[in-house]
Amino acid sequence: MAAFDTSRPYATTGSASRIGAIFLAAFGAFGAWNDARLTRRSLSALTDRELDDIGLGRGDIDRVSSRF
């Protein structure tokens, strides 16, 4: 799971802050996509019995992984 520290002791203004915000948004989106991808991959590797043990079915994998 990705974590980002967005608190800053100083305030930036102008185009530098906008570029930084765009970069952070893109980096955050990539992290979320990667978390969902890894979750989907891990759940897909489980057997039907293992999925049933945790209360999931094959059809639930996309729904569960999209929450991340």
Side-chain angles (χ1 to χ4, degrees):
M1 200 164 237
F4 304 103
D5 181 12
T6 57
S7 62
R8 302 283 185 244
Y10 54 89
T12 59
T13 59
S15 62
S17 66
R18 286 190 295 269
I19 292 170
I22 291 170
F23 176 74
L24 285 176
F27 192 68
F30 175 76
W33 169 81
N34 195 43
D35 287 346
R37 182 185 67 86
L38 292 174
T39 300
R40 191 177 307 110
R41 185 172 141 195
S42 297
L43 289 174
S44 294
L46 296 176
T47 65
D48 289 336
R49 171 62 191 227
E50 292 168 330
L51 286 171
D52 189 44
D53 285 347
I54 60 174
L56 297 175
R58 290 262 169 228
D60 298 327
I61 292 174
D62 284 335
R63 181 180 49 83
V64 170
S65 65
S66 66
R67 290 183 185 176
F68 295 100

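Just so it is clear, the structure is predicted and the values come from calculations on it, not from any experiment.
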**OP:** Kindly write out the residues that satisfy salt bridge (charged side-chain N to carboxylate O under 4.0 Å, His left out) with Arg41, not counting sequence neighbours, or none if the list is empty.
**Re:** none

**OP:** Check for a donor-acceptor pair, side chain of Arg58 on one end and backbone N or O of Ser44 on the other, with a separation under 3.5 Å.
**Re:** yes

Original post:
Donor-acceptor pair, Asn34 side chain versus Gly31 backbone, under 3.5 Å?
Top reply: no

Original post:
Within a reach of under 6.0 Å around CZ of Arg63, are more than 12 heavy atoms found that belong to other residues, nucleotides or ligands?
Top reply: yes

Original post:
Hey, are the side chains of Leu43 and Leu46 touching, using non-hydrogen atoms and a 4.5 Å cut-off?
Top reply: yes

Original post:
Which of parallel (below 30°), tilted (30 to 60°) and perpendicular (above 60°) describes Trp33 and Phe30?
Top reply: tilted

Subject >> Distance in Å, Ser66 OG paired with Asp35 CG, rounded so as to fall on 0.5 Å steps >> reply: 12.5 Å

Subject >> Test item: Leu56 and Ile61 side chains (from C-beta on) under 4.5 Å apart, heavy atoms >> reply: no

Original post:
Can you name the closest pair of heavy atoms from Ala36 and Ser65 and give their distance?
Top reply: CB-O, 3.3 Å

